[in-house]
Amino acid sequence: MGYALFDTHAHYDDEKYNHDREALLGGLPDAGIVNVVNIGYDIGSSVKSGELASRYSFIWFAAGIHPHDAASAPEGWEGSIAGLLKNRKAVALGEIGLDYHYDLSPRDVQKDMFARQLALSGGLGTPVIIHDRDAHADIIDILKLSGGAPRGGVCHCFSGDRRLAGQALDLGLHIAFGGALTFKNAGDLAEAAAFTPPDRLLIETDCPYMSPAPYRGRRNDSTRLTIILERLAQIRGESPGYISDITTENAKKLFSIE
Ligand SMILES: [Zn+2]
Ligand SMILES: [Zn+2]
């Protein structure tokens, strides 16, 4: 093995890890996972992400309001997010974006929250983590109207085709591939993965969600990043070692991690 992998998207504050979190996280470095970004989706989970990052040297974090939670964001959320991002382990604003699959917040509220957090990231000079589910056109529109993401960012859990990948790349974004790449009907996605230039490629688990095949539907964790890595390498006709090296290097550069 001998990989040094960077999981750019995880939710280890999730209650599904309550019974074995310490043991699982403690074992990640020996399993070849050298960096993890734990991602907030509301104020509470962003605070918890920061706490995890303070306890583990290899964990970093992002703070932000997910589209699911856009309608329930408390008054003063902007100050809370800006405050959390002053932490030296904070590397990005996120996750932010649009989710038209579940529509847990009204779409106009989601759009407004996405635009406001993009503006906030510009002011703070932080990269953004973008969540896009069934909302490709509006994601690109709002990014363009907002002047893109000045410090860059990630299209996380990318689910589009080659055309969407091209639009995201034109906006200066990185593209993170996860478990979906291993699912049976991943044709368009595989094409996008082959098309993405090596210096914009990232990998992620989005754990506890998005377990790669053959573990689909079960609790995910960062050790399964190797499955995604190997699939990505196969699709691109490159060695897993090379993909491991470049995706870790890309993530460190984007998140300004030494
Ligand atoms: Zn997401
Ligand atoms: Zn997420």
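Since the model is a prediction, treat every value here as computed from it, not as a measurement. Just so you know, ligand 1 is whichever comes first in the structure, and atom 1 is the first atom listed for that ligand.
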Do NZ/NE/NH1/NH2 and the carboxylate oxygens of R55 and E22 come within less than 4.0 Å?
-> yes
Measuring to the Zn ion (ligand 1), does H131 have an N/O/S atom at a distance below 2.8 Å?
-> yes
Salt bridge present between D20 and R219 (N-O < 4.0 angstrom) | yes
Does K89 reach the main-chain N or O of I59 with its side chain, forming a donor-acceptor pair under 3.5 Å?
-> yes
Can a salt bridge be assigned to the pair R116 and E78 using a cut-off of 4.0 Å between side-chain N and carboxylate O?
-> yes
So, is H9 placed with an N/O/S atom under 2.8 Å from the Zn ion (ligand 2), counting both backbone and side chain?
-> yes
Relative to the Zn ion (ligand 2), which of the N, O or S atoms in H11 is the closest?
-> NE2
The Zn ion (ligand 1) as vertex, arms to NE2 of H156 and OE1 of E95: angle to 10°?
-> 100°
Results of salt bridge (charged side-chain N to carboxylate O under 4.0 Å, His left out) for K253 - residues two or more places apart only = E249
Could you confirm whether H66 has any N/O/S atom lying under 2.8 Å from the Zn ion (ligand 2)?
-> no
